[in-house]
J.: 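Supplied in C-alpha cells, the structure appears directly below.
Predicted, not measured: the structure shown is a model, and the values here were computed from it. So you know, we letter chains A, B, ... as the sequences are listed, proteins then strands, and number each from 1.
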2 protein chains.
Amino acid sequence: MSDLRSEIKREIESGEYNCEKELTLSIISGKWKIIIIYYLGTEGVLRFSEINRLLPKISHKVLTTQIRELEEDGVVHRKVFAEVPSKVEYSLTTLGESLIPIVLMMDEWGKKNIKHFPVAKNR
Amino acid sequence: MSDLRSEIKREIESGEYNCEKELTLSIISGKWKIIIIYYLGTEGVLRFSEINRLLPKISHKVLTTQIRELEEDGVVHRKVFAEVPSKVEYSLTTLGESLIPIVLMMDEWGKKNIKHFPVAKNR
DNA sequence: CTGGATCCTCTAGGATACTG
DNA sequence: CAGTATCCTAGAGGATCCAG
C-alpha cells in the first residue's frame, strides 16, 4: 500500500482503525489537499481554473482527483453551472471549514520550523 | 511518486516547495507516525518493544523505518543502552513536542467527525 | 531485544492526449 | 472550461528471515 487514504479508508470502513487521528490524516494527506483546503478557506469560492492557476505545478488530472476525493470526504462542495463553456465552483463545506484550524497550525508550524531543515538558500 | 515524505523532502531541499504546510505534512504523514508521536507525547519514554506492544498490527521493519524517519526529521530522540539484550529508549525532542498540539487537534477532529464517515458498527 | 536485508504488491501522483 | 482515459514509475508499507 502506498498512500494513506485508501488504506486508512479501508480500515475505517472495516472498523479496524487504530485511532481517530488516522481519519483526519487520511483526509488531509494528499500532495495538494491541505493547500487546496487552505485556498478555499481563505479565498472562499474558487473555480477549477482558478485553483489551477494558484497551483501551477499540479497537473490537470491530479487536481481533478484531489478535489474529487475531498468532495467524497465531504470537505469540499462542488457547484456546476449549466453554461458553455462549463463553469464549476468549489467551496468548503462546514466539515471542510472545521479543518481550517488544523491547516493553519500546520502552516505556522512549518513556517516556524523550516529553518531546522535543509533548504536551498535561494528563497 | 507515491508517498509524500520523500517527494516533499526533495522539493524542500531544492527550495521548490509550494508552502510550509507541506513540511509539516511530510513529517507527520506516514501510516503510524502520528500515533507514535502521540504515544511518546503522552507516555514520555518508550522502548522499541513497548511501542510495538501498543501497535500490535505494525510489523517490525515498518516500525523501525517509521521511527528512523522521525529521528531523521529531528522529532524523536533515540537513546541506546549498551546492554545485552539490547535496550533502546525513544522520546520526543523539543521539536517533536511542538507537534503535539497538532496531533491532539487531529485526534479531536477525528473523534468528533468520524460519525460522518462509513464505519463498521461493531465498535 | 533491536533492527538490518530481501522481496513483493499496490497505488498516488504525474504526463499527455482527447472530449462535450 | 472542466474533466476523462491511458500509460507509467517510484516508493511506502508489509512479510519473513537473519544477526549482534
J.: Less than 4.0 angstrom between a side-chain N/O of A/Lys31 and OP1 or OP2 of C/dG14, yes or no?
T.: yes
J.: Looking for any heavy atom pair under 4.0 Å, which part of the strands does A/Ser49 touch: base, sugar-phosphate only, or nothing?
T.: sugar-phosphate
J.: Looking across every strand, which nucleic acid part, if any, lies under 4.0 Å from A/Ser86 by heavy atom: base, sugar-phosphate, or nothing?
T.: base
J.: So, does B/Arg68 get its side chain near the phosphate of C/dG4, meaning an N or O under 4.0 Å from OP1 or OP2?
T.: yes
J.: Base, sugar-phosphate, or nothing for A/Gln66, non-hydrogen atoms under 4.0 angstrom?
T.: sugar-phosphate
J.: Is the distance from OP1 or OP2 of D/dA12 to the nearest side-chain N or O of B/Ser6 less than 4.0 Å?
T.: yes
J.: Please classify the nucleic acid contact of B/Val62 as base, sugar-phosphate, or nothing, using heavy-atom distances under 4.0 Å.
T.: base
J.: Need one value for B/Arg47: base, sugar-phosphate or nothing, where a base atom within 4.0 Å counts as base even if backbone is also close, heavy atoms only.
T.: sugar-phosphate
J.: Heavy atoms under 4.0 Å, any strand shown: does A/Phe81 hit a base, just sugar-phosphate, or nothing?
T.: nothing
J.: Side chain of B/Glu7 only, please: which of D/dA2, C/dG14, C/dT2 is the nearest?
T.: C/dG14
J.: Indicate whether OP1 or OP2 belonging to C/dC1 is found under 4.0 Å from a side-chain N or O atom of B/Tyr90.
T.: no
J.: Is there a donor and acceptor pair, one atom on the side chain of B/Lys61 and one on the base of C/dG3, closer than 3.5 Å?
T.: no
